[in-house]
Chemist: 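Pasting a structure below so you can have a look.
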There are 2 protein chains.
Amino acid sequence: MTSPRPFRLTPQRAAVLRAVHDASDHPTARDIFARVKPGLPGIGFATVYRTLNLLVEHGEVRELRVGEDPVGRYDGDTGRHDHVRCAGCGAVADVTVPLPDTVQGDAAAASGFRVDGYELVFVGRCPGCAGERL
Amino acid sequence: MTSPRPFRLTPQRAAVLRAVHDASDHPTARDIFARVKPGLPGIGFATVYRTLNLLVEHGEVRELRVGEDPVGRYDGDTGRHDHVRCAGCGAVADVTVPLPDTVQGDAAAASGFRVDGYELVFVGRCPGCAGERL
DNA sequence: GTCCCTGCAAAAGTTTTGCATTGCG
DNA sequence: CGCAATGCAAAACTTTTGCAGGGAC
């Protein structure tokens with residue numbers, strides 16, 4: 001079992017948790033660092049990263065990597081939902097598109113894997129970028 | 001316009017292209033470097049990366065990043081298909097699960113984005129890892 | 001001759017780790 | 001006291017870029 005170790009809610013951890021939950025733009029670790037820094041000037045990168053990993057382990061926060069961008073993004077909404085990424089500016093938005101119940105079974109049958117879930121990311125253009133080019 | 005520049009098929013490029021097309025395991029740039037090195041001992045990392053980017057631009061190869069792993073993987077199959085990732089060992093396999101035609105329209109309606117496509121990655125356990133734990 | 005390609009080395013960027021210090025319990 | 005958490009600095013990694021040399025056309 002992955003029994004999460006006990007958890008101490010320090011000011012740093014509370015600040016990071018709040019920053020992720022308050023954000024709606026899927027911030028990167030760097031973004032979160034920048035947003036938390038003003039309230040805790042002493043905080044360092046390492047604490048932010050360690051905290052984010054801890055929060056992910058505890059299921060308080062969801063980590064996602066989308067598209068060709070190699071940087072991790074964090075989502076305070078841990079409920080089931082999907083994402084859309086703008087190919088123009090890289091923005092990531094939430095969206096929920098229910099798939100038929102059969103897809104996981106289909107995937108399992110086709111691959112031989114046991115399938116527990118999926119990640120679905122749509123690719124397109126946000127309203128701002130849609131009119132520009134292409 | 002993204003008019004692909006002319007293209008010279010050097011031995012290095014041919015080797016990288018062949019390595020990706022022959023692979024079925026979605027190798028990383030590092031994997032490809034290791035596989036190509038024996039046949040071209042002089043080759044360097046930079047050439048592999050530059051070549052992979054070139055091949056992606058020309059649509060000869062597909063780049064994908066899946067899961068919490070920040071490293072890029074490459075797929076010689078450029079046709080429409082999906083992937084399954086093993087949460088145990090990190091293996092990535094191909095799978096094709098057609099989704100209803102309505103999903104892209106649903107996503108567009110729900111997000112306000114123009115939606116051109118999607119990436120679908122199932123998460124589960126490969127046959128080898130399924131029996132082990134959890 | 002010109003231009004593209006390569007290889008090496010260094011740079012850039014993200015994430016992790018080591019270690020001494022601090023401070024709660 | 002004992003142990004976990006922090007902050008700083010350095011390390012680990014992946015990927016990109018600068019530059020000089022060399023080959024193709």
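Throughout, a chain's letter reflects where its sequence line sits, starting with A, and its residues are numbered from 1.
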Chemist: Return the value, rounded to whole Å, for the distance between atom CG of B:L9 and atom C1' of C:dC4.
Modeler: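 Spelled out: CG on B:L9 to C1' on C:dC4 is 14 Å.
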Chemist: Assign a letter to each nucleotide of nucleotides 9-25 of chain C from its 5' end: B, base within under 4.0 Å of a protein heavy atom; S, sugar-phosphate only; -, no contact.
Modeler: -----SBBBB-------
Chemist: Less than 4.5 Å apart, side chain to side chain, heavy atoms only: is that true for B:H81 and B:V95?
Modeler: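 They are not in contact (no side-chain heavy atoms under 4.5 Å apart), so the answer is no.
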Chemist: Can you measure B:L40 atom CG to C:dC5 atom P for me and round it to whole angstrom units?
Modeler: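 Distance, rounded to whole Å: 16 Å.
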Chemist: Could you tell me whether the phosphate oxygens of C:dC4, OP1 or OP2, come under 4.0 Å of any side-chain nitrogen or oxygen in B:T10?
Modeler: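 It does not, given that no N or O in the side chain of B:T10 lies less than 4.0 Å from OP1 or OP2 of C:dC4.
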Chemist: Rounding to an integer number of Å, can you tell me how far A:I43 CD1 sits from D:dG7 C1'?
Modeler: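 Nearest whole value for this atom pair: 10 Å.
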Chemist: Going from CG on A:D116 to CZ on A:R114, what distance comes out if it is rounded to the nearest 0.5 angstrom?
Modeler: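 So the gap between those two atoms works out to 4.5 Å.
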Chemist: In terms of relative ring orientation, are B:F45 and B:F33 parallel, tilted or perpendicular, with 30° and 60° separating the classes?
Modeler: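 The rings of B:F45 and B:F33 lie parallel, inter-plane angle below 30°.
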Chemist: Tell me whether the count of non-hydrogen atoms from other residues, nucleotides or ligands lying under 6.0 Å of CG in B:D101 goes above 12.
Modeler: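 No, CG of B:D101 has 12 or fewer neighbouring heavy atoms, counting only those of other groups under 6.0 Å.
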Chemist: Separation of A:R13 atom CZ from D:dA4 atom C1', in whole Å?
Modeler: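 So the CZ-C1' distance, A:R13 to D:dA4, works out to 8 Å.
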Chemist: Tell me the interatomic distance from B:E57, atom CD, to C:dC5, atom P, rounded to whole angstroms.
Modeler: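 One finds 11 Å between P of C:dC5 and CD of B:E57, rounded.
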Chemist: Considering the options A:V16, A:T28, A:I32, A:D31, which one meets the side chain to side chain contact (heavy atoms under 4.5 Å, CB included) requirement together with A:Y74?
Modeler: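 The single option meeting the side chain to side chain contact (heavy atoms under 4.5 Å, CB included) with A:Y74 is A:I32.
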Chemist: Given atom CG of B:L54 and atom P of D:dT15, what is their separation to the nearest angstrom?
Modeler: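 B:L54 atom CG is separated from D:dT15 atom P by 17 Å.
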Chemist: Using a strict 4.0 Å threshold on nitrogen-to-oxygen distance, state whether A:R35 and A:D25 make a salt bridge.
Modeler: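 Here A:R35 pairs with A:D25 in a salt bridge, since their nearest N and O are under 4.0 Å apart.
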